[in-house]
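To keep things clear, I will list the structure first and then write my remarks on it.
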Amino acid sequence: MRRARIFLVGISGAGKSTVGRLVADRLGWDFADSDDLIEERAGRKIPEIFATDGEANFREIEATVLGDLARRERVVVSTGGGAPTTEGGRAAIQTGFSVWLEVSPGAAARRLSVDPAAATRPLLAGDAEGRLAGLLATRGPQYRLSDASVAVDGLSPVQVADRILECWEKAADVAATVRTPGVEYPVVVAEGALGRLGAICRDRGLKGRAFLVTDTNVGPLLAAPALRSLASADYEAASFVIPAGEEQKTLATVGTVYDWLLKAKVERSDFVVCLGGGVVTDLAGFTAATILRGIPFVHVPTTLLGMADAAIGGKTGVDHPLGKNMIGAFAQPKAVVIDPQVLETLPDRQRRAGWAEVIKHGFILDEQLVCDLEAAAGDPRSMLSADLIGRSVAIKAAIVSEDEREQGRRTLLNYGHTVGHAIESVTGYSTYLHGEGVAIGMLAAGLISVELGMLDWAAFERQQALIRACGLPEHAPEVPIEAVIDAMSRDKKVRGGAIQWVLLDRIGHAVVRDAVPEEVARRAVEAVLS
Ligand SMILES: NC(=O)c1ccc[n+]([C@@H]2O[C@H](COP(=O)([O-])OP(=O)(O)OC[C@H]3O[C@@H](n4cnc5c(N)ncnc54)[C@H](O)[C@@H]3O)[C@@H](O)[C@H]2O)c1
């Protein structure tokens with residue numbers, strides 16, 4: 001579940017401050033206007049900051065102010081119109097529930113014409129309506145990434161506040177919304193969400209029969225409650241069980257699911273429910289994406305790795321004897337339903353391995369998540385809270401929304417994966433679980449970051465301590481270094497012969513580098529293999 005924090009975004013004149021105060025009052029929360037806080041911090045008015053320091057410096061102060069607000073609880077924030085245009089601004093906004101107040105440039109200009117403060121706004125000098133239309137055109141793509149939007153033209157501030165509160169309540173269990181071009185779906189994270197699976201499918205407009213695919217471990221534990229929930233929402237539902245295990249993630253297994261679906265005369269309006277770990281969600285998602293040229297599917301991940309990673313982002317597929325995940329399709333589910341309670345039966349080692357992806361999300365993009373994980377480590381109850389899982393999910397969902405096909409920012413999710421994948425591959429995917437490989441890989445990437453002078457040693461030690469506290473391995477002894485180096489150079493992340501390293505320049509901030517000297521990489525790999 002998202003933090004108790006609402007960010008209002010949109011161009012000037014949308015009414016963010018007026019409405020923000022009303023929403024804060026109704027919730028009994030604090031209200032903060034980021035522009036006021038910027039002026040307070042700088043000791044100057046915004047037009048003066050723009051005039052003397054320029055917009056780039058203003059945006060830097062703004063990102064710092066928003067970063068501070070992102071650490072507060074129970075607060076409604078009215079953000080400046082350009083806040084979501086910077087990386088720091090976006091990262092802060094993504095820690096809360098964001099609402100775009102969608103106003104037409106004409107209506108915004110009319111409101112601003114009666115606001116004395118508006119006359120001094122640096123980006124609105126001259127033809128305010130024309131300038132607002134220009135800002136809307138350039139900032140629209142960022143505003144559209146918000147969790148909800150409210151069209152405010154013709155509504156009173158009280159009506160807008162009502163709509164925001166409706167969206168907030170409805171989304172209370174929605175940890176994130178994935179938005180890719182043309183597709184939008186919620187990721188529900190809540191205790192007991194499995195019992196609401198049928199209702200969520202109805203909410204998402206799914207109408208036909210439900211075909212549930214699970215595996216031999218998960219089926220006996222969770223298929224019955226899932227089928228009951230689907231039946232209670234009036235779905236005709238049936239299930240199919242595939243053998244558990246990575247070695248079953250093959251086209252041959254997909255063939256058995258195709259046979260089952262086709263014998264049942266599956267139709268385009270029917271849908272598949274993928275209930276299981278990453279193997280099931282990858283395989284059943286791929287089956288759904290390809291049968292009848294694609295039918296809808298819903299992911300119900302039952303491992304921590306599936307929740308934090310595999311079920312979100314639309315990568316589906318199976319392994320080939322010549323390589324893992326070599327056959328697949330990008331296909332987004334209709335919804336992802338995450339119930340942390342199902343993790344109670346997950347074997348300990350699998351659970352620990354799942355933490356690696358959550359830790360990774362914190363180190364690449366969210367320092368606060370790292371701090372909260374440090375506080376929770378060692379207490380299994382807090383570690384499995386909907387809050388921590390939801391926040392990790394929100395990070396992946398935000399990245400996928402920006403870059404579905406891994407053309408840019410999604411690469412950051414590969415932190416720890418260059419060395420991690422190589423270790424998994426060299427040991428035949430039988431010695432180390434994926435998350436264990438990633439944990440060791442994060443340490444190697446951390447060491448490279450330190451040796452290149454990007455990261456301080458204390459930050460590296462924090463990463464190491466958290467990995468240790470989560471019971472994850474720090475070394476892969478006896479894995480031959482030459483084989484690992486060779487596997488790294490054959491990895492999918494190699495471009496034009498150079499490995500695309502994801503490194504840290506501080507906790508909560510990752511960058512991609514392809515110019516890492518070979519000997520630096522080798523020393524880091526050697527260190528984690530010893
Ligand atoms: N699509 C993606 O973006 C993506 C990302 C990361 C990983 N993956 C894929 O995910 C797979 C690994 O996923 P995984 O680690 O979840 O493995 P998995 O699906 O094999 O699950 C691990 C084991 O736990 C069992 N299990 C699952 N849920 C359980 C529960 N609640 N209680 C008891 N047992 C349970 C499974 O039957 C299995 O034996 C790999 O194939 C990997 O390629 C995909």
Side-chain angles (χ1 to χ4, degrees), residues 178 187 193-194 213-226 241-250 253-254 274-286 288-289 297 299-320 323-333 336-358 360-361 384 389 392-393 396-397 399-400 403-406 410-411 413-417 420-421 424-425 429-430 432-439 441 472 492:
V178 179
V187 185
L194 187 63
V213 179
T214 186
D215 74 17
T216 41
N217 291 333
V218 179
L221 299 166
L222 300 169
V241 181
I242 61 169
E246 181 71 32
E247 60 286 0
Q248 305 296 331
K249 207 176 98 172
T250 61
T253 310
V254 171
C274 316
L275 174 75
V279 166
V280 170
T281 51
D282 272 12
L283 182 143
F286 177 71
F297 59 100
H299 278 330
V300 188
T302 62
T303 60
L304 190 51
L305 181 98
M307 295 174 180
D309 195 5
I312 297 156
K315 285 187 184 174
T316 69
V318 293
D319 302 335
H320 184 275
K324 208 165 132 41
N325 296 325
M326 284 296 160
I327 298 159
F330 276 100
Q332 302 289 348
V336 181
V337 180
I338 293 178
D339 182 347
Q341 282 171 12
V342 306
L343 296 174
E344 276 164 23
T345 51
L346 189 67
D348 264 357
R349 185 176 170 202
Q350 294 285 351
R351 209 182 292 177
R352 286 196 299 270
W355 284 119
E357 298 291 350
V358 181
K360 177 194 81 181
H361 287 155
L384 294 179
I389 295 171
S392 174
V393 157
K396 171 128 195 212
I399 288 205
V400 169
D403 176 25
E404 182 190 14
R405 303 277 164 142
E406 203 166 317
R410 191 164 178 172
T411 311
L413 295 173
N414 292 331
Y415 181 58
H417 283 57
H421 271 162
E424 279 184 275
S425 142
Y429 299 97
S430 54
Y432 294 93
L433 295 175
H434 177 68
E436 294 171 342
V438 170
L472 283 157
K492 279 184 280 185

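Note that these values count all heavy atoms, side chains included, but never hydrogens, waters or copies made by symmetry. Both counts, for ligands and for their atoms, begin at 1 and track the order of listing.
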side-chain hydrogen bond (donor to acceptor under 3.5 Å, both in side chains) assessment of Thr281 paired with His299: CA-CA 6 Å; Thr281 51; His299 278 330; 4.8 Å; no

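When the side chain to side chain contact (heavy atoms under 4.5 Å, CB included) test is applied to Leu384, the partners found at least two apart in sequence or on another chain are Leu343, Arg351, Trp355. With sequence neighbours excluded, the residues satisfying side chain to side chain contact (heavy atoms under 4.5 Å, CB included) with Arg410 are Lys315, Phe330, Lys396, Ile399, Val400, Asp403, Glu406, Leu413. With sequence neighbours excluded, the residues satisfying side chain to side chain contact (heavy atoms under 4.5 Å, CB included) with Pro243 are Gln248.
For a heavy-atom separation below 4.0 Å, the residues in contact with ligand 1 are Asp215, Asn217, Val218, Leu221, Ala244, Glu246, Lys249, Gly277, Gly278, Val279, Asp282, Thr302, Thr303, Leu305, Asp309, Ala310, Lys315, Lys324, Asn325, Val342, Thr345, Leu346, Pro347, Gln350, Lys396.
Taking the side chain as every heavy atom from C-beta outward, Thr302 and Leu275 approach each other to under 4.5 Å. Counting heavy atoms from C-beta outward, Glu424 and His417 have side chains that stay 4.5 Å or more apart.
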